[in-house]
Amino acid sequence: MQEPKLLTICICTMNRPEDLRRALASLMPQSLATVSIMVSNDGLDEPVRTICKEFSVDLVDGPRRGLGPNRNNCVSHAQTPLITFIDDDVIAGPDFIRAALQVDRTKVTTGFELRHEGTGQPKVVTPHNASFLGFQIKPPQSRVQAVVMNAAVFPTSALRAFPFDENITYGYEEIDISRKLASNGIQIAVDYSLWNNHHPSPINRKEYATRLVASRIYTTYRAYRCYEANSTKATAFLLTAMVHHVLHLIRIKGDLRSAFRTAVQVRKMWRESQRDQGGRTPSR
């Protein structure tokens, strides 16, 4: 009798076929008896379809609207009690699946990633809570409100109840979902037996970079306005964050027009989130 599947490993990919191949190859030596592997493709169909056939893994068409919608697409197709996400430029740690199957299924559990950039020693990336300005730099103490997305295991039911914000196309979606889940009483635990290697691909990075500041400001404003229900703090943050961004651009001699573009993008993301909620302030 076939063992029931307990964990879905989701890989959201976009036009990085060779990275995807390496990611899938890194999972194959591990025990897959109770694991489903799903690739959600936001890019060109070929050669992703061929690669998925080669490794006998499930392929679903992505919504092609960014990482938030793509992650929700994975959740909607998953049929297991646990779900985890790794990027297509990740190489799985040799014991990741065994560790993932041993987590408490009532909690979100996060580990760490080894980020390999350049030729030096990899950087150890552990979960850090957000500062007032939204930067993930505060080591968690009594309460963890952050995950390392490439080494986190979620109860699938939690992500169905509280999905990823689909207005976040890239950047800071992991801190937003962490805050959302924590504000709704779902505990986040840390287990450093969960870890993976991340080799950031240069493909798509230029496109992604333009969205990061807007995503940080939007997700932090949303956290104060929605998850904490503190509109005064949200307004104070928004003013401080924009001044901080302008001063940063001045310091690095950047294009000050980008501050205006960032403000427009943040406003658009917020208005779309209100529209999604029928004109109400987005709920938790």
If hydrophobic residues (ILVMFWY) are linked whenever their side-chain heavy atoms come closer than 4.5 Å, directly or via other members, who joins L44 in its cluster? none
Any donor-acceptor N/O pair, E173 side chain to G171 backbone, under 3.5 Å: yes
Distance-only, no hydrogens or angles: does the R179 side chain make a donor-acceptor pair with backbone N or O of Q145 under 3.5 Å? no
To which residues is I91 joined in a hydrophobic cluster, defined by side-chain heavy-atom contacts under 4.5 Å among Ile, Leu, Val, Met, Phe, Trp and Tyr, whether direct or through other members? none
Sequence neighbours excluded, every pair satisfying side-chain hydrogen bond (donor to acceptor under 3.5 Å, both in side chains) that has a member inside residues 22-33: D19-R22
Check K180 with D165, please: is the shortest side-chain N to carboxylate O separation under 4.0 Å? no
Could you give me the CA-CA distance, side-chain angles and deciding distance for R261 and Q265, then say whether side-chain hydrogen bond (donor to acceptor under 3.5 Å, both in side chains) is met? CA-CA 6 Å; R261 292 193 292 269; Q265 192 168 4; over 6 Å; no
Please identify each residue that fulfils salt bridge (Lys or Arg N to Asp or Glu O under 4.0 Å) with R115, with sequence neighbours left out. E113
List in chain and number order the residues that pass ring-ring contact (aromatic ring centres under 6.0 Å, His included) with H248, two or more places apart in sequence or in another chain; answer none if no residue qualifies. none
Any side-chain to backbone donor/acceptor pair from D89 onto S201? Under 3.5 Å, distance only. yes
Going by the rule salt bridge (Lys or Arg N to Asp or Glu O under 4.0 Å), which residues pair with R143 if we only count those two or more places apart in sequence or in a different chain? none
Sequence neighbours excluded, which residues qualify as side-chain contact (heavy atoms from CB on, under 4.5 Å) partners of K5? Q2, S36, T80
How far apart are the C-alpha atoms of D42 and R71, what are their side-chain angles, what is the distance that settles it, and do they pass the salt bridge (Lys or Arg N to Asp or Glu O under 4.0 Å) test? CA-CA 11 Å; D42 250 6; R71 296 200 199 282; over 6 Å; no
Other residues, nucleotides and ligands only: do more than 12 of their heavy atoms fall within 6.0 Å of CZ on F260? no
Could you check whether any side-chain N or O of S215 sits under 3.5 Å from a backbone N or O of Y172, counting only pairs where one atom can act as donor and the other as acceptor? no
According to side-chain contact (heavy atoms from CB on, under 4.5 Å), who are the partners of D191, at least two apart in sequence or on a separate chain? T109, S193
So, using salt bridge (Lys or Arg N to Asp or Glu O under 4.0 Å) as the criterion, who are the partners of K268 when residues are at least two apart? none
Taking N196 for its side chain and N150 for its backbone only, find out whether a donor-acceptor pair lies under 3.5 Å. yes
Checking side-chain hydrogen bond (donor to acceptor under 3.5 Å, both in side chains) for the pair S40/N73: CA distance, chi angles, key distance, verdict? CA-CA 7 Å; S40 184; N73 186 51; 2.9 Å; yes
Using salt bridge (Lys or Arg N to Asp or Glu O under 4.0 Å) as the criterion, list what pairs up with D58, not counting sequence neighbours. none
Are there more than 12 heavy atoms of other residues, nucleotides or ligands under 6.0 Å from atom CZ of R271? no
Lys/Arg-Asp/Glu bridge criterion (N-O < 4.0 Å) met for E54, R21: yes
Would the distance check show the side chain of T220 and the main-chain N or O of I217 forming a donor-acceptor pair, the cut-off being under 3.5 Å? no
For M38, the other hydrophobic cluster members (4.5 Å side-chain criterion, sorted by chain and number) are V60
Closer than 4.0 angstrom, basic N to acidic O: yes or no for K123 and E117? no
F164: partners by ring-ring contact (aromatic ring centres under 6.0 Å, His included), with sequence neighbours left out: F85
For the residue pair V246 and L256, establish whether any side-chain heavy-atom pair is separated by less than 4.5 Å. yes
